[in-house]
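Here the structure comes first, spelled out in structure tokens, and everything after it is commentary.
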There are 2 protein chains.
Amino acid sequence: MNDEAPIRVYLVDDHALFRSGVRAELDRGDGRTPVVEVIGEAGSVDEAVAGIGHLVPDVVLLDVHLPGGGGAEILRRARAAGTESVFLALSVSDAGEDVISVIRAGARGYVTKTISGRDLADAVRRVRVGDAVFSPRLAGFVLDAFSDRPGAAPPVDPEVDQLTKRERDVLRLLARGYAYKEIAGELFISVKTVETHVSSVLRKTQTSNRHELSRWATDRRLV
Amino acid sequence: MNDEAPIRVYLVDDHALFRSGVRAELDRGDGRTPVVEVIGEAGSVDEAVAGIGHLVPDVVLLDVHLPGGGGAEILRRARAAGTESVFLALSVSDAGEDVISVIRAGARGYVTKTISGRDLADAVRRVRVGDAVFSPRLAGFVLDAFSDRPGAAPPVDPEVDQLTKRERDVLRLLARGYAYKEIAGELFISVKTVETHVSSVLRKTQTSNRHELSRWATDRRLV
DNA sequence: GGGTGTCTCAGGGTTGTCCCCGAGACCGCG
DNA sequence: CGCGGTCTCGGGGACAACCCTGAGACACCC
């Protein structure tokens, strides 16, 4: 599996301490031949885009949450500048929206920061050769979200755009904690009609009550 | 300012990568004499309590969010075991509740993970000699919270601390969307008792239903 | 014209939420 | 010992949430 030359990695995270940790763990190579080499790092969006364009790394390790745009922003700008680097997201967050946004932007994998140095090196090697790498907790989630779209990333979730306009109206108010009666008053329809819409929304989103639905909606930023 | 012997530091964080980073930055000592030496580390609550008791470090660098109890829990248990180590919280979070909880438990400082290696070493040195160290963004907050309480700290809303312990238990689950039946199962009490507690909470918080209450609770970061 | 989809509304049902009332058990305080 | 606070639990009721079935009106499209 050794291609002689080590994999050249660029590291983006706003915490210098964390960058230092990744560098220490990866460069050490776990006592064996260093298959991974950190050739540069950045702590901000602008710095990262410039560094990637300049150094042309094989793999970019990308933090999701950064001041001034986030990892997805870096990915889009680097792609727009014509980079061919492969991107692997590395984040503390396991929130669905974070995973979705960065994968949609084009990352080839997403691992959480709980990962060990050895596993991280292995993940880097795997995305380098084309694998998609996900932390175990996220794998199921990602498969669900992209199961019926093998090709490019869709603009919105399949579940969201199968809601009708009126259903979205009801959903918006519902997620804000409105009672059926209040929703009816707001939309100038009867309570019974509200019930019908709510019922459809719950069925389509595969949630069972308004609390789950609220979480579902906020995860997708519909509120 | 050099006491000849380096300050002995114990490091607690659930991310091995991050521990590695702190270790690399601190041990290097920025090219000068190593004033700080990492003598041990832990990734879990139990491991940390045991390690602190055994190694007797001068300073413990403590992550706030840990599986199985958190930094405040470690601090309390280590104190109960009679340690004389000084604790410095080191966290990604700048949320008020996190700061409050760990300071209340007895930490002498709180810095965020955006800190540089050099500044961290300096912070360690300062808490070692008795200073209270806070990241700039948190300094104002901490002063506010403790301004009128030179001693201990009960900085909660008047409405929150008039809730009894059991009522808070119920509130926590209720705000997460649990049904009464589920809360009853979780707390090993009857649904009727849950109703009683909910009723009290709604009255004391002057809210009229669980949705308003959820917002009330999240506004005060009780979830 | 017929099929499909959306929006509207209703009846009737189960379950959940919230309120009122009362009540026994425990514990700490004066 | 009595008193107050907390925790526990019950009955009974009003209303909200949610489900199922059915159905009329309108628009679009083949």
Side-chain angles (χ1 to χ4, degrees), chain A residues 148-149 154-220 222-223, chain B residues 152 154 156-220 222-223:
Chain A
D148 45 358
R149 320 262 177 149
V156 283
D157 303 58
E159 289 136 315
V160 173
D161 57 23
Q162 81 185 14
L163 294 179
T164 68
K165 179 185 175 304
R166 209 55 169 164
E167 285 164 355
R168 269 191 283 262
D169 290 340
V170 172
L171 168 58
R172 208 181 60 249
L173 298 173
L174 195 69
R176 288 192 205 169
Y178 281 53
Y180 287 4
K181 195 187 298 178
E182 294 169 331
I183 298 175
E186 199 76 22
L187 299 179
F188 303 104
I189 56 180
S190 84
V191 174
K192 273 299 183 182
T193 305
V194 175
E195 288 186 30
T196 305
H197 291 315
V198 170
S199 197
S200 303
V201 172
L202 290 176
R203 182 172 36 79
K204 289 180 179 175
T205 59
Q206 298 175 25
T207 51
S208 61
N209 57 52
R210 62 183 304 157
H211 310 301
E212 286 181 26
L213 185 60
S214 279
R215 295 203 60 174
W216 185 92
T218 50
D219 282 351
R220 283 158 185 75
L222 301 178
V223 280
Chain B
V156 280
D157 305 54
E159 289 136 316
V160 172
D161 59 21
Q162 80 185 13
L163 294 179
T164 69
K165 176 183 175 303
R166 209 54 169 165
E167 285 164 356
R168 269 190 284 262
D169 290 339
V170 172
L171 168 58
R172 206 181 62 250
L173 298 173
L174 195 69
R176 286 193 206 169
Y178 280 53
Y180 289 4
K181 195 188 297 179
E182 294 169 331
I183 298 175
E186 199 76 23
L187 299 180
F188 302 105
I189 55 181
S190 83
V191 174
K192 273 299 182 181
T193 305
V194 175
E195 288 185 28
T196 304
H197 290 315
V198 170
S199 195
S200 303
V201 172
L202 290 176
R203 182 172 37 78
K204 288 180 179 176
T205 59
Q206 297 174 26
T207 51
S208 60
N209 58 51
R210 62 180 305 155
H211 311 302
E212 286 181 27
L213 185 59
S214 278
R215 296 203 60 171
W216 185 91
T218 49
D219 284 350
R220 284 159 184 73
L222 300 178
V223 281

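The sequence lines fix the lettering, A, B, ..., with proteins before strands; numbering per chain opens at 1. Atom set for the values below is all heavy atoms of this structure, side chains included, hydrogens, waters and symmetry mates excluded.
In terms of phosphate contacts, B/Tyr180 brings a side-chain nitrogen or oxygen within less than 4.0 Å of OP1 or OP2 of C/dC18. For C/dT8, the OP1/OP2 oxygens have a side-chain nitrogen or oxygen of A/His197 closer than 4.0 Å. OP1 or OP2 of C/dC19 lies within a sub-4.0 Å distance of a side-chain N or O belonging to B/Ser199. A sub-4.0 Å separation between OP1 or OP2 of C/dC9 and a side-chain N or O of A/Ser190 is present. Look at B/Ser208 and you won't find any side-chain N or O under 4.0 angstrom from OP1 or OP2 of C/dC18. Within the 4.0 Å cut-off from OP1 or OP2 of D/dA17, at least one side-chain nitrogen or oxygen of A/Arg210 is found.
Residues B/Ser200 and B/Glu167 approach most closely at CB-OE2, 3.2 Å, considering heavy atoms. For A/Trp216 against A/Leu171, the heavy-atom pair with the smallest separation is CZ3-CD2, 4.1 Å. Minimum interatomic distance between A/Arg210 and A/Tyr178 (heavy atoms only, all atoms of both residues): NH2-O, 2.6 Å.
Rounded to whole angstrom, the span from the CZ atom of A/Arg203 across to the P atom of D/dT21 amounts to 12 Å. Atom CG of A/Leu163 and atom P of C/dG5 are 16 Å apart (whole Å). Here D/dG10 presents its P atom at 11 Å from CD1 of B/Ile189, a figure rounded to the nearest Å. Taking atom NZ of A/Lys165 as the reference point, atom C1' of D/dA27 lies 15 Å away to the nearest angstrom. Straight-line distance from the CG atom of B/Leu213 to the P atom of C/dT17: 13 Å, rounded to whole Å. Following rounding to the nearest Å, B/Asn209 (CG) and C/dG16 (P) show an atom-to-atom distance of 18 Å. Look at CG on B/Asp169: it is 14 Å from C1' on D/dT8, rounded to the nearest Å. A/Lys204 has its NZ atom 17 Å from the P atom of D/dC18, to the nearest Å.
In this structure, of D/dC9, C/dT8, D/dC7, it is C/dT8 that holds the atom nearest to the side chain of A/Thr193. Distance from the side chain of A/Ala179 is smallest to D/dA17 among D/dC19, D/dA17, C/dT17. In the set D/dT8, C/dT8, C/dT17, the nucleotide with an atom closest to the side chain of B/Arg166 is D/dT8.
Contact of the B/Leu187 side chain with the B/Val170 side chain is registered, since non-hydrogen atoms from C-beta on lie closer than 4.5 Å. Contact check for B/His197 versus B/Arg168: no side-chain heavy atoms found under the 4.5 Å cut-off.
In terms of position on DNA chain D, the residue among A/Lys181 and A/Thr207 whose nearest nucleotide sits closer to the 5' end is A/Lys181.
For A/Lys192 and A/Glu195, the salt-bridge test passes: some basic side-chain N is under 4.0 Å from an acidic carboxylate O.
Not a single donor-acceptor pair, N or O on each side, falls under 3.5 Å between the base of C/dC7 and the side chain of A/Thr196. For D/dC19, its base sits under 3.5 Å from the side chain of A/Glu195 at one donor and acceptor pair at least. A donor-acceptor contact under 3.5 angstrom links the side-chain atoms of A/Lys192 to the base of C/dG12.
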